[in-house]
Each structure stands twice: as C-alpha cells, then as structure tokens.
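A short write-up of the structure that comes next.
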2 protein chains.
Amino acid sequence: MTAGGSTPDRDLPIAEMGVVQSAGSSSPIPEATLARLPVYMRSLVEMADEGISTVSSRQLADLAGVNAAKVRKDLSHLGAHGKRGVGYDVDRLLAEIGGALGGSLTPVVIVGAGNLGRALSRYDGFMAGGFPVVAVVDSDRSLEGREISGVSITHVDHMDGVVRATGSRLGIVATPAHAAQEAVDRLVAAGLRSILNFAPAVVSVPPGVQLRKVDLATELQILGYYEHVRTSSEAPEQAVG
Amino acid sequence: MTAGGSTPDRDLPIAEMGVVQSAGSSSPIPEATLARLPVYMRSLVEMADEGISTVSSRQLADLAGVNAAKVRKDLSHLGAHGKRGVGYDVDRLLAEIGGALGGSLTPVVIVGAGNLGRALSRYDGFMAGGFPVVAVVDSDRSLEGREISGVSITHVDHMDGVVRATGSRLGIVATPAHAAQEAVDRLVAAGLRSILNFAPAVVSVPPGVQLRKVDLATELQILGYYEHVRTSSEAPEQAVG
DNA sequence: ATGCGCTTGTGCGCTCGATCACAGGTCACC
DNA sequence: GGTGACCTGTGATCGAGCGCACAAGCGCAT
C-alpha cells in the first residue's frame, strides 16, 4: 500500500483505536453493541428483582430506549439464544452479558483527587457496576494519607507500588488538562492497558492501550450549539405581543 | 399493543433524535464534526496564547489527534475559509467556531447536589467553556441554602422560579437513577430544551428536547470488556515460571 | 394432532462518517 | 516574472451501523 515515496496527503499514522484486535478468541463484539450491553443489563437486573423470568426483545427495547431489532442483533453477538415465540430468559441473559463484559470485579485506580476525582471515588455506580475504586493518587503531597470512602490517597510517585498492591486493572484520569498526559504515561508505565480520561486534553497512548475519553465541557458545548441554533431561528418570531 | 393488523415488526416510533431539524437556518453541522469543534477550539486557544497567528490543517490535526482531511472537512462546515498554500487564521477560526457553538455565555442549572452534582458545580471547565453554573437544586430540604462555589442550593420545587430568575438554558441531571426521569420532566416543564443526563437511567423526553447522556459506569464497562478479552487471551501463556 | 399467533435470527438497502486523492489557489524566492 | 513548494476544498470510495422485512421456530388452545 503506497509503500514507496508517494502518498501526497499521508498525514499522521495515528494508532488505530477503532476496534481492539488482540487475539481474537471468542467474540469481536462491535463497539456500538458494547455500549448498549450495560444498558440492557440494568433493565434486566430490575426485571430479575421483580421476579420476571422471561423478556422479549420488544420489552427490553422499550426499557432500554432502542429498537427491538437492534436488541436482537446485539444479543446475537453474545451467542445468546432466545426461544422463538417466547423470548429470552432473564437470568441467563444476565449471565451472558455479564460474562461478555468481564464478569467479576475489576479494580480501578483514580489519578487526581480534585473535585472530580473525589466525586468519582465516591460514585456508587462504579462499585455497583463491579468496578471498586481501590486506589487514589495525586501529585499534591498535602493530600497524602487523607481518606476518601475507605481509600487513602497516595502520592503519584508511588503509583507503581499501589497499582501492583491493589491489583488495579483500569485507570481513571481526573487531573487538570496540563497533567493528563503525564498521568496517562505513568498509568501505562505501571502496566495498565485500559484508561478512561476525564481531563479535557488530547493525550496519546502506545499501541495496545485502550483509551476512552469523557469530555464534560464538550458535551455541554454540543448542547449549547443546538440551543443556539434553536434560539437563533426562533428569535425573529419572538417579538409579537 | 400490536393494534393494527399489519406492520410485522413495527416496534416503537422513538422520537427521532439524530439531528435536530429545527428551522434549518444557517448550518446543519453534523454531530461528528460538532463533537470535534471544542477540541479544535482548545488547541487554537493555546496557539493564540503563544502568539501563533496561522495554522495548517495538518498542525491542527496533530494537536487534536485526528486526521488532517477531517479537520479540513470539519472546518468547511463553518464556511471557514482558509487560504490555500497558507492555512487558517487562528483568531478568525476561533471566532468562527465560537460563533457556531453559540458564542456567548450559556447559564446552566444542575439538578442533584450529591457527590457528582457538587463536583460538577465546582468544575472549572464548565465556566471556562462559557457555561457558568448559576443554579443547583436538590430534593433534600436539609441542603437548602447551602452554598457551592457561590451558588446556593434551592429546593427542586422552586425549580421554575430559579430557572427563570437565573436565565438557565441548559440542564444537568446528576441525580440517582430512580430520580432521573422526574428531574428531566421538571427541567422540561421549566422550559429547558437541552439536557445533559449523568444518571445511569434511560429517560425519555418530548420531541424537540435535546437529551445527551454521559454514562460513567458504561464507559468503565466497555473498558472492562477489552481488559477482559485481553486477559482471557493472554491467560494461557501466563503460567510459566 | 393441528393450526395460529408470537418471537427470534438475519439478509438487505440506506445513511453517515472516515479516508483518500487530486485539482485549484497562494506565497516565497530567485 | 516565473517556478516550485505548500495547503485548502471537495469528489469518490469504503466500511460500520441502523432499521426493515421476512423466513423459521416455538407453544398454546382446541
């Protein structure tokens, strides 16, 4: 592929991060499906709690706010076999989704004990989802030793030891933008391969490391755009009286 | 359901929410582009601070971590005209992106003063991005009057008045899952048309209301999947020494 | 036992976004 | 003034995901 010296507009390579290839063992679940599985899971847990044992794609679709065909196609990726004319077994479905997503507990380390870091450390949803926060590190030595919901803050210089001692497998970056790249680098150096970045900064990771981004300000700006468009187009009609 | 006799798999209608149609006045910027504009903006601000006055699509692409062609196509949606052979004028580009995204300040109201709500209220990135948090409401009366970074908490029953008094245009839902739908309903009733939901729940809104979702637990579960896949495929080689 | 209604699983066409490649325009330098 | 290096804007191609529609399967009522 254009090996020689041509390539007019070649741009930067950019480590592909669409779908992790890894050793394709069992299931290459598409990203879009992956993002919906947790939503299905929550609905299924509720149903299980209510004693419901069977669910149709349509019911699940309503609860999850998506299309029924999409639900079926999503579940087909799990090798989940529902019964035609009946539906899916709630418990079995829960087990299958749970199995696909990793099942057991996955410990998390959070970098940055500022507003956001502290809030995330205390966020019940993580623990409930099987992601206990087992470590919090920060670059501020004055925070060292302070406790957040049972976890004491460690200095970032000791990250390697903390990650090893706690068995952390997922890293969350909740630092200011200017510290994000270093935080990520340190997490990678400590052996982590999956990182969630909350800092409003573009960071790069070596190939093989999964990096996802949650950009709070950007989300608001997107909403702001629609709000802006709406008000702009409504303004002319506003002054009626 | 299944009222009529036809429509084999008709499923629910689901209020379209792909691209807001509104009165298509000036620019139907695609979602994907929209999500990148704030990233470009941050890079451009940095460049402007450094006194750089011109930028090529390639440079901007490097800073934003994307493809140069994508940058050009994105910017073309703004009617942004760079000079061939030269690049884009940084200041002008900033003005154009800012204009497209809404420009001026857009006040935000946050529902839910728990861990997450408080953290978001204090999040500098919002203010910096032009989204000052002007109101925080909660259903817990014991929090009433307490201050968070200059804003005092109001009871949710007074939401209408607070929204009107503060001129809030964007709503953020940071409640527990079970309270999310009601929070959204109240925001809509108060006249807001753009809502960002942090609660891990599926909520529905009437047509014409923009609803975006940030699902923290889901993000972790997606990472957990990749981590799971990776470790599963590496496990066989693990037991050596 | 048999028919009928309900539900799954999936092939198909469509839309959207990403990337490539190139023609057209601009500037600097000689 | 001419030439070459550089950069933008965009048409074309490609792939992913979505929704539809339907054939195949299952269970209940009779």
Side-chain angles (χ1 to χ4, degrees), chain A residues 1-14 16-20 28-37 40 54-62 64-90 92-93 96, chain B residues 1-19 21 28-37 40 53-62 64-90 92-93 96:
Chain A
M1 47 181 85
T2 66
S6 50
T7 66
D9 198 28
R10 191 46 172 287
D11 302 328
L12 65 173
I14 296 185
E16 294 283 64
M17 83 171 206
V19 175
V20 104
I29 302 181
E31 274 262 344
T33 293
L34 214 42
R36 282 186 294 267
L37 291 184
Y40 299 152
T54 297
V55 62
S56 73
S57 61
R58 168 112 185 221
Q59 290 175 290
L60 192 49
D62 285 353
V66 299
N67 181 288
K70 206 187 301 191
V71 170
R72 291 197 293 274
K73 201 163 280 187
D74 285 344
L75 296 183
S76 74
H77 288 292
L78 304 178
H81 285 284
K83 275 188 196 162
R84 301 183 176 212
V86 181
Y88 300 87
D89 181 84
V90 172
R92 186 173 167 203
L93 211 46
E96 281 171 327
Chain B
M1 298 184 183
T2 64
S6 51
T7 63
D9 200 28
R10 190 46 173 285
D11 302 328
L12 66 174
I14 296 183
E16 294 283 62
M17 87 172 202
V19 175
Q21 73 283 16
I29 301 181
E31 274 263 346
T33 292
L34 214 42
R36 282 186 295 267
L37 291 184
Y40 299 152
S53 61
T54 297
V55 61
S56 73
S57 61
R58 167 106 187 225
Q59 290 174 291
L60 191 49
D62 285 355
V66 300
N67 183 289
K70 206 186 301 191
V71 170
R72 291 198 293 273
K73 199 161 278 188
D74 284 345
L75 295 183
S76 75
H77 288 292
L78 304 178
H81 285 284
K83 276 189 198 161
R84 305 186 171 205
V86 181
Y88 301 87
D89 182 84
V90 172
R92 182 171 171 204
L93 211 46
E96 280 171 328

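Naming: A, B, ... by sequence-line order, numbering from 1 per chain.
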Without decimals, in angstroms, what is the distance between [X] [atom1] and [N] [atom2]?
X	N	atom1	atom2	answer
B:His77	D:dT10	NE2	P	10 Å
B:Asp74	D:dT10	CG	P	13 Å
B:Leu78	D:dT10	CG	C1'	16 Å
A:Leu60	C:dT8	CG	C1'	13 Å
B:Arg58	D:dC6	CZ	C1'	12 Å
A:Leu75	C:dT8	CG	P	9 Å
A:Asp89	D:dC26	CG	C1'	15 Å
B:Asp62	D:dC7	CG	C1'	14 Å

- line: Residue pair A:Val86/B:Gly85 against DNA chain D: nearer the 5' end by closest nucleotide is B:Gly85
- prompt: How do A:Thr33 and A:Lys83 order along DNA chain D: which one's closest nucleotide is nearer the 5' end?
  reply: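 Nearest-nucleotide comparison on DNA chain D picks A:Thr33.
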From [options], pick the nucleotide closest to the side chain of [X]?
X	options	answer
A:Lys70	D:dG19, D:dC7, C:dA21	D:dG19
A:Pro30	C:dA18, D:dG17, D:dC20	D:dG17
A:Ser56	C:dT8, C:dC20, C:dG17	C:dT8
B:Ala32	D:dA12, D:dA21, C:dA18	C:dA18

What is the distance from atom [atom1] of [X] to atom [atom2] of [Y], rounded to the nearest 0.5 Å?
X	Y	atom1	atom2	answer
B:Leu75	B:Tyr40	CG	OH	6.5 Å
B:His77	B:Thr33	NE2	OG1	4.0 Å
B:Leu34	B:Glu31	CG	CD	6.0 Å
B:Lys83	B:Tyr88	NZ	OH	13.5 Å

Given [N], is OP1 or OP2 found less than 4.0 Å from the side-chain N or O atoms of [X]?
X	N	result
B:Arg84	C:dC22	no
B:His81	D:dT8	no
A:Ser57	C:dT7	no
B:Asn67	C:dC20	yes
B:Tyr88	C:dT26	no
B:Arg72	C:dA18	no

query: Do A:Asp74 and A:Val71 come close enough that some side-chain heavy atom pair is under 4.5 Å?
result: no
